[in-house]
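Residue numbers run from 1 in the order of the sequence given.
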Amino acid sequence: MIDLKSEEDYENEGRDLQAEIEAERIAEALVFASSQPVPESFLAERLPRDADVRAIMLRLKEQYAPRGVNLVQVESAWAFRTAADLSFIIRRDDNEVKKLSRAALEVLSIIAYHQPVTRAEIEDIRGVQTSRGTLDVLMEAGWVRFRGRRRTPGRPVTLGTTRDFLDHFGLEELRDLPGLEELKGAGLLSGRIPANFNIPSPLMNDELSEDEDPITQMDLEELGLLAPRSTSED
């Protein structure tokens, strides 16, 4: 079969290939330079207008898959992380995260699987009161956040996990949380669990549910996250 491509066609293909390579280099540099996962929206603002960000990142992910550093997806963001099978070699004694107490682990697990969830609901599941200090530890770690306020009497605050939670535990999205059989296999669940026991499915996005209101400036002040605004006149 005769190749009917013209010299101009070949030149255009060459330019397109070079543009793809350059876009990959830019995306790679942006992610490498960031200490936090980089959202695709951020990459799209800095890549050529016609660049397919998702396709570029998937190609880079494949290229880095066999290396000592992998490109991983965290929700709709991307980050470079040490390959899982080499993580034991990397010692970070200076930045070692303090081990969580059993109570903190229980609360974190409940929030992860039941979000959006209120403090009262956490206590109902655990059967004991949850101290403010336990929630503070999880928030200081950056793994738990205030989502909104439930549309029920008292308007309790709802809690959920963060992108840092996914990043720290190597999860691409919440649906990657281990299921019932995985938890059993890891020895984290008793073999005598009730027959009707099931693992709840958390929301897959950050959008507020139908029974949640957004947190306002006044709510933040009430929760002690912002200093109250001055009411005095100049």
Side-chain angles (χ1 to χ4, degrees), residues 3-97 108 111-112 115 138-148 160-178 202-208 214-215 220 225:
D3 188 349
L4 300 180
K5 287 184 179 180
S6 66
E7 182 176 346
E8 182 179 356
D9 291 332
Y10 283 112
E11 290 179 354
N12 290 335
E13 288 181 358
R15 283 194 291 268
D16 291 342
L17 178 59
Q18 187 60 40
E20 288 182 4
I21 294 174
E22 185 63 17
E24 287 183 3
R25 294 180 67 241
I26 294 172
E28 184 179 29
L30 289 170
V31 177
F32 180 81
S34 175
S35 60
Q36 299 294 325
V38 179
E40 289 183 1
S41 57
F42 179 89
L43 295 171
E45 292 174 356
R46 286 152 180 79
L47 292 175
R49 181 174 301 178
D50 58 346
D52 187 336
V53 177
R54 175 52 63 92
I56 289 172
M57 300 314 293
L58 290 177
R59 285 198 300 271
L60 285 172
K61 179 180 180 180
E62 184 177 356
Q63 293 171 22
Y64 276 92
R67 301 182 184 179
V69 174
N70 296 157
L71 182 62
V72 300
Q73 184 177 355
V74 184
E75 292 184 324
S76 60
W78 295 85
F80 282 113
R81 295 291 181 262
T82 303
D85 61 327
L86 299 178
S87 59
F88 72 96
I89 299 175
I90 309 300
R91 298 183 60 87
R92 294 184 293 179
D93 296 334
D94 294 340
N95 298 318
E96 184 178 357
V97 177
L108 180 60
I111 294 173
Q115 60 187 301
L138 297 176
M139 289 188 171
E140 287 173 5
W143 298 340
V144 169
R145 66 183 177 88
F146 293 124
R147 283 178 50 94
T161 54
T162 66
R163 179 179 289 167
D164 286 345
F165 165 81
L166 296 175
D167 188 26
H168 181 84
F169 290 98
L171 303 172
E172 184 174 314
E173 53 189 358
L174 286 173
R175 65 167 52 95
D176 293 329
L177 285 166
L203 293 178
M204 291 296 109
N205 55 53
D206 289 336
E207 295 181 3
L208 296 176
I215 290 182
L220 294 176
L225 300 179

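Residues F165 and V144 form no side-chain contact, since every pair of their non-hydrogen atoms from C-beta on lies 4.5 Å or further apart. Using a 4.5 Å heavy-atom threshold, the side chains of L166 and L174 count as touching. Here the side chains of F169 and L108 are in contact, with some heavy-atom distance below 4.5 Å. In this structure, the side chains of L58 and E62 stay at 4.5 Å or more apart for every pair of heavy atoms.
Across all non-hydrogen atoms, the minimal contact from A79 to V31 is CA-CG1, 3.7 Å. Here the closest heavy-atom approach between residue R147 and residue L208 is recorded as O-CD2, 3.6 Å. Taking each heavy atom of R81 and P37 in turn, the nearest pair found is NH2-CD, 4.0 Å. Heavy-atom minimum distance, D164 versus Q36: OD1-OE1, 3.3 Å. Closest heavy-atom contact between A112 and L177: O-CD1, 3.8 Å. The shortest heavy-atom contact between G160 and Q115 is CA-OE1, 3.3 Å.
Under the 30°/60° scheme for interplanar angles, the aromatic rings of W143 and H168 are found to be tilted.
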What side-chain donor-acceptor pairs closer than 3.5 Å can you find for residues 64-74, not counting sequence neighbours?
from	atom 1	to	atom 2	distance (Å)
Y64	OH	E28	OE2	2.1
R67	NE	Q63	O	3.4
N70	ND2	Y64	O	2.9
N70	ND2	A65	O	3.3
N70	ND2	R67	O	3.3
Q73	NE2	E75	O	2.8

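Between atom OG1 of residue T161 and atom CD1 of residue I111 there is a gap of 8.5 Å, rounded to the nearest 0.5 Å. With rounding to the nearest 0.5 angstrom, the CG atom of L47 is 10.0 Å from the CD atom of E22.
Counting only distance, with no hydrogens or angles, the side chain of T162 and the backbone of G142 share a donor-acceptor pair below 3.5 Å.
The side chain to side chain contact (heavy atoms under 4.5 Å, CB included) check on A29 picks up nothing, with sequence neighbours excluded. Taking L30 as the reference, I26, F42, L43, R46 meet the side chain to side chain contact (heavy atoms under 4.5 Å, CB included) condition, with sequence neighbours excluded.
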